[in-house]
Amino acid sequence: MTDQTDFPDYDDSNIFARILRGEIPSHKVFEDDDVIAFMDVMPQAPGHTLVVPKAPSRNLLDADPAVLAKLMPFTQRIARAVKKAFEADGITIMQFNEPAGGQTVFHLHVHVIPRHDGVGLKRHEGGMEKPDVLVANANKIRQALKEEDA
Ligand code: 5GP
């Protein structure tokens, strides 16, 4: 780990670590040895997806650069699929570090949010989406990923 002396250590009881261990469910769109992507349960727009490296780090500040090097191309792949799946005009990428930076879950993750011209974002952690909507949105993204790979 790099110098992180002024921040708390990684705590593996966080919700994304629990998702990674399969202790709680998520609506996955993709998983490989290094990363997982799943739907945000409180989406700021339909299709809001989280990209999560499996390697434990609290956020960008303590992450291994080798993990970050794999994370960004993967984020691009998910962003392209999300754009296609939701016929988005654009994509917002967000990544928060520490409470003062807006972070609420302390395992590194990147937000991928489809955007449409003239449509604002809902509030961060504004409200839970219905499970059937998350299932349908995850299916759309999985299908777009398949088409990208074809
Ligand atoms: P942060 O502020 O840490 O960047 O964002 C954490 C994100 O995780 C928020 O957008 C929030 O809606 C989402 N989130 C919180 N709890 C859960 C959960 O149990 N499952 C999923 N899929 N997302 C969650």
Side-chain angles (χ1 to χ4, degrees), residues 1-2 4 6-65 67-86 88-116 119-146:
M1 188 186 285
T2 53
Q4 174 77 352
D6 50 350
F7 294 119
D9 285 339
Y10 180 79
D11 174 357
D12 73 358
S13 65
N14 73 76
I15 201 92
F16 294 167
R18 297 187 62 204
I19 288 174
L20 286 170
R21 290 196 294 271
E23 293 169 7
I24 57 168
S26 66
H27 300 91
K28 274 183 222 170
V29 301
F30 183 86
E31 180 170 13
D32 71 6
D33 289 345
D34 300 312
V35 287
I36 184 170
F38 51 82
M39 306 314 293
D40 194 305
V41 285
M42 291 174 267
Q44 290 185 254
H48 183 166
T49 303
L50 299 169
V51 179
V52 182
K54 290 187 172 179
S57 77
R58 188 170 158 84
N59 53 44
L60 183 82
L61 301 171
D62 62 331
D64 182 341
V67 170
L68 298 179
K70 285 187 180 162
L71 183 59
M72 195 46 92
F74 187 74
T75 301
Q76 181 192 45
R77 191 166 165 218
I78 294 294
R80 285 176 170 168
V82 164
K83 183 174 181 300
K84 182 171 186 172
F86 290 87
D89 300 312
I91 295 287
T92 294
I93 301 290
M94 300 193 293
Q95 192 279 313
F96 302 127
N97 300 280
E98 297 301 325
Q103 187 177 12
T104 59
V105 177
F106 298 96
H107 180 114
L108 175 61
H109 56 280
V110 177
H111 298 257
V112 176
I113 309 178
R115 304 299 303 273
H116 293 88
V119 180
L121 281 185
K122 291 187 201 157
R123 201 159 52 80
H124 190 44
E125 299 201 308
M128 294 282 277
E129 184 53 278
K130 294 186 199 76
D132 57 328
V133 172
L134 295 175
V135 167
N137 288 347
N139 285 340
K140 278 191 200 176
I141 298 167
R142 271 200 297 271
Q143 181 59 34
L145 278 168
K146 262 191 216 156

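Order of listing sets the numbers, starting from 1, for every ligand and every atom in it.
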Flag side-chain contact, heavy atom, 4.5 Å: [X] against [Y]:
{"X": "H107", "Y": "I19", "result": "no"}
{"X": "M39", "Y": "I141", "result": "yes"}
{"X": "F106", "Y": "P99", "result": "yes"}
{"X": "P53", "Y": "K70", "result": "no"}

Just by distance, do the side chain of [X] and the backbone of [Y] share a donor-acceptor pair under 3.5 Å?
{"X": "R80", "Y": "K84", "answer": "no"}
{"X": "E129", "Y": "M42", "answer": "no"}
{"X": "Q103", "Y": "R58", "answer": "yes"}

Option with minimal heavy-atom separation from atom 3 (O) of ligand 1, where the choices are D40, V52, T104, L134
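Among D40, V52, T104, L134, the closest heavy atom to atom 3 (O) of ligand 1 comes from T104.
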Atoms in ligand 1 with a heavy atom of [X] nearer than 4.0 Å:
{"X": "G102", "value": "2 (O)"}
{"X": "F38", "value": "22 (N)"}
{"X": "H124", "value": "1 (P), 2 (O), 5 (O), 9 (C), 10 (O)"}
{"X": "I15", "value": "19 (O)"}

So for atom CE, which belongs to M72, do other residues, nucleotides or ligands contribute more than 12 heavy atoms lying within a distance under 6.0 Å?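 Open: at most 12 neighbouring heavy atoms sit under 6.0 Å from CE of M72.
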Tell me which protein heavy atom sits closest to [atom], plus the residue, atom name and distance to 0.1 Å.
{"atom": "atom 1 (P) of ligand 1", "answer": "H109 NE2, 3.1 Å"}
{"atom": "atom 8 (O) of ligand 1", "answer": "F16 CZ, 3.3 Å"}
{"atom": "atom 14 (N) of ligand 1", "answer": "V41 CG2, 4.0 Å"}
{"atom": "atom 22 (N) of ligand 1", "answer": "M39 O, 2.9 Å"}

Problem set entry | Min heavy-atom dist H111 to ligand 1 below 4.0 Å | yes
| request: Return yes when Q44 approaches ligand 1 closer than 4.0 angstrom through a heavy atom, no otherwise. | output: no
N or O pair under 3.5 Å between [X] and ligand 1:
{"X": "V105", "value": "yes"}
{"X": "I24", "value": "no"}
{"X": "Q103", "value": "no"}
{"X": "F96", "value": "no"}
{"X": "H48", "value": "no"}

Quick look: F106 vs ligand 1, heavy-atom contacts under 4.0 Å, and the answer is neither
Shortest non-hydrogen pair, A63 vs L108, comes out as CB-CD2, 3.9 Å
Could you walk me through whether H116 and F86 pass the ring pair (Phe, Tyr, Trp, His ring centres under 6.0 Å) check? CA-CA 9 Å; H116 293 88; F86 290 87; 7.8 Å; no
Ring centroid separation for H111 and H109, is it under 6.0 angstrom?
yes
